[in-house]
2 protein chains.
Amino acid sequence: MTIQEGRDKFIQSWGALGTSWGINRTMAQIHALLLISPQSLCAEEVMEALKISRGNANMNLRALMDWGLAFKEFKPGERREFFVAEKDMWQVVRNIILNRKKRELEPTLKVLDELSSVEGEDLETQEFIRVIKDIKLFSNKADSLLDSLTKADPNWLMSSFIKMIK
Amino acid sequence: MTIQEGRDKFIQSWGALGTSWGINRTMAQIHALLLISPQSLCAEEVMEALKISRGNANMNLRALMDWGLAFKEFKPGERREFFVAEKDMWQVVRNIILNRKKRELEPTLKVLDELSSVEGEDLETQEFIRVIKDIKLFSNKADSLLDSLTKADPNWLMSSFIKMIK
DNA sequence: AAATATGTTAAAATTTTTCTAAACGATACG
DNA sequence: CGTATCGTTTAGAAAAATTTTAACATATTT
């Protein structure tokens with residue numbers, strides 16, 4: 001496989017993977033492109049490499065920064081903005097988890113709290129209350145588990161899991 | 001909040017959450033509906049409750065079974081098929097992880113292996129090789145971590161994390 | 001056997017998401 | 001100042017995902 005085929009294939013695959021992770025295809029492709037670029041790239045270069053419009057590049061680059069998956073790099077004497085990827089995979093995953101926790105888990109917890117105000121004696125209501133209570137308990141655990149997970153040292157994490165398997 | 005408002009709100013929220021978890025809105029709504037139903041429901045009842053078509057109900061119910069998030073229940077003397085949700089939240093999450101691991105992580109690992117055949121001495125290629133190697137290492141760790149995670153006893157998991165925080 | 005009920009499937013329609021084009025604002029520079 | 005470059009925004013186009021419709025299969029009831 002040539003380097004150009006390899007780069008293309010990687011960008012495609014990373015894009016596909018991204019879509020199932022709350023990151024849209026282009027956003028993930030830009031991240032992939034930055035990941036394998038030895039130097040930082042400007043918007044123009046990203047547009048060119050991925051054949052996307054200026055607006056698309058701009059929006060997704062900002063989204064990437066928002067997620068903590070890319071950063072601006074200022075070059076002296078350059079008006080253009082350059083971008084580099086977060087290349088530490090553990091940091092990438094950590095940022096995705098933190099973002100999604102905030103966007104998904106936290107609003108859900110809020111709704112569950114509101115739902116706890118439902119009362120009643122009939123079977124339907126009883127089951128509803130039981131399920132909500134159960135999910136709430138579980139979600140709170142998941143919430144603090146994710147907190148610990150993202151704060152944990154990756155080496156500690158791995159070693160503790162290796163211990164577990166044994 | 002009345003039970004009916006509560007049920008509606010829960011179904012809506014669960015649907016929204018689902019979309020960010022690789023489970024489409026309707027699929028998640030059906031799961032929500034089954035979750036809070038004291039008894040199993042037939043396709044007709046699901047269609048009626050969620051105002052969806054027969055085809056939609058059928059496809060998503062089968063998708064749910066495919067993910068291990070719902071089951072058929074056969075009732076003696078009934079031609080219709082009835083459905084119940086997987087109600088154990090830990091099991092729900094575990095099944096989602098296992099499904100997504102298979103659908104996303106495993107194909108990615110395969111591509112990464114193919115990409116390892118790229119060779120070359122120039123800077124671009126060197127960086128490419130470095131990044132691919134790094135991601136591969138990380139993904140393999142993630143893969144086995146997820147395996148352990150899904151095999152782990154939930155109580156063990158929580159207690160070990162609680163220990164960690166301290 | 002005809003009529004009815006249930007489940008399955010694929011094509012068409014709809015909805016949602018993403019992308020582009022184009023206008024605009026700001027800054028640099030001739 | 002006028003022109004060029006670069007970043008931002010948004011309405012509408014395009015693409016992708018989801019849903020309905022409708023035809024079909026099969027089993028059950030009359």
Side-chain angles (χ1 to χ4, degrees), chain A residues 11-12 14-34 40-67 69-84 100 103-104, chain B residues 11-12 14-34 40-67 69-84 100 103-104:
Chain A
I11 290 172
Q12 291 313 312
W14 205 244
L17 187 63
T19 55
S20 20
W21 277 86
I23 286 174
N24 81 38
R25 181 176 268 77
T26 303
M27 193 172 152
Q29 287 182 342
I30 296 177
H31 185 242
L33 176 65
L34 294 177
S40 58
L41 303 180
C42 68
E44 202 74 36
E45 291 169 313
V46 171
M47 290 161 58
E48 164 61 22
L50 302 178
K51 310 282 179 229
I52 59 175
S53 71
R54 172 177 295 275
N56 197 5
N58 181 278
M59 287 187 300
N60 282 301
L61 277 167
R62 274 182 303 145
L64 278 172
M65 291 191 292
D66 209 49
W67 282 70
L69 301 180
F71 310 99
K72 273 186 189 166
E73 197 179 70
F74 291 99
K75 292 196 181 179
E78 267 285 7
R79 177 139 79 101
R80 290 174 299 175
E81 297 171 329
F82 288 78
F83 300 89
V84 292
R100 299 194 53 183
R103 284 160 209 241
E104 297 157 26
Chain B
I11 290 172
Q12 291 312 312
W14 204 244
L17 187 63
T19 55
S20 18
W21 277 85
I23 285 173
N24 81 39
R25 182 176 267 80
T26 303
M27 194 173 151
Q29 287 181 341
I30 296 177
H31 184 242
L33 175 66
L34 293 177
S40 57
L41 303 180
C42 67
E44 201 75 37
E45 290 169 312
V46 171
M47 290 162 57
E48 163 63 22
L50 302 178
K51 311 283 181 229
I52 60 174
S53 71
R54 172 175 295 274
N56 198 3
N58 181 279
M59 287 187 298
N60 282 299
L61 278 166
R62 273 181 305 143
L64 279 172
M65 291 191 292
D66 210 47
W67 282 70
L69 302 179
F71 310 98
K72 272 187 188 166
E73 195 180 74
F74 290 99
K75 291 196 182 178
E78 268 284 7
R79 176 142 80 102
R80 290 174 298 174
E81 298 170 330
F82 288 77
F83 300 88
V84 291
R100 297 194 53 185
R103 283 161 211 241
E104 297 157 25

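In what follows, chains are A, B, ... by sequence order, proteins preceding strands, each numbered from 1.
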Report the distance from atom [atom1] of [X] to atom [atom2] of [N], rounded to the nearest whole Å.
| X | N | atom1 | atom2 | answer |
| --- | --- | --- | --- | --- |
| Arg79(B) | dT29(D) | CZ | P | 7 Å |
| Lys72(A) | dC6(D) | NZ | C1' | 11 Å |
| Leu50(B) | dT19(D) | CG | P | 11 Å |
| Lys75(A) | dT5(D) | NZ | P | 19 Å |
| Glu81(A) | dT5(D) | CD | P | 17 Å |
| Met47(B) | dT21(D) | CE | C1' | 12 Å |
| Glu44(B) | dA5(C) | CD | C1' | 9 Å |
| Met59(A) | dG7(D) | CE | C1' | 13 Å |

- [ ] For DNA chain D, determine which residues of residues 15-33 of chain A have any heavy atom closer than 4.0 angstrom to one of its atoms, and list them numerically.
- [x] none
Task: Separation of Arg25(B) CZ from Leu17(B) CG (nearest 0.5 Å) - done: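 Atom-to-atom, Leu17(B):CG and Arg25(B):CZ are 11.0 Å apart.
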Task: Pairwise distance CH2(Trp67(B)) to NE2(His31(B)) - rounded to 0.5 angstrom - done: 12.0 Å
Open item on the list: Any heavy-atom pair between the side chains of Leu50(B) and Asn56(B) that's under 4.5 Å?
Closed with: no
Given [N], is OP1 or OP2 found less than 4.0 Å from the side-chain N or O atoms of [X]?
| X | N | value |
| --- | --- | --- |
| Arg62(A) | dT8(D) | yes |
| Asn56(B) | dT21(D) | no |
| Asn58(B) | dT8(C) | yes |

Task: Steps toward side chain to side chain contact (heavy atoms under 4.5 Å, CB included) verdict (Val46(B), Asn60(B)) - done: CA-CA 11 Å; Val46(B) 171; Asn60(B) 282 299; over 6 Å; no
Task: Option passing salt bridge (Lys or Arg N to Asp or Glu O under 4.0 Å) with Glu44(A) (candidates Arg79(A), Arg80(A), Arg54(A)) - done: Arg54(A)
TODO: Could you tell me whether Arg100(A) sits above the aromatic face of Trp21(B), with NZ or CZ closer than 6.0 angstrom to the six-membered ring centre and within 45 degrees of the axis?
DONE: yes
Task: Given Glu73(A), Lys72(A), Glu45(A), the one that forms side-chain contact (heavy atoms from CB on, under 4.5 Å) with Ser40(A) - done: Glu73(A)
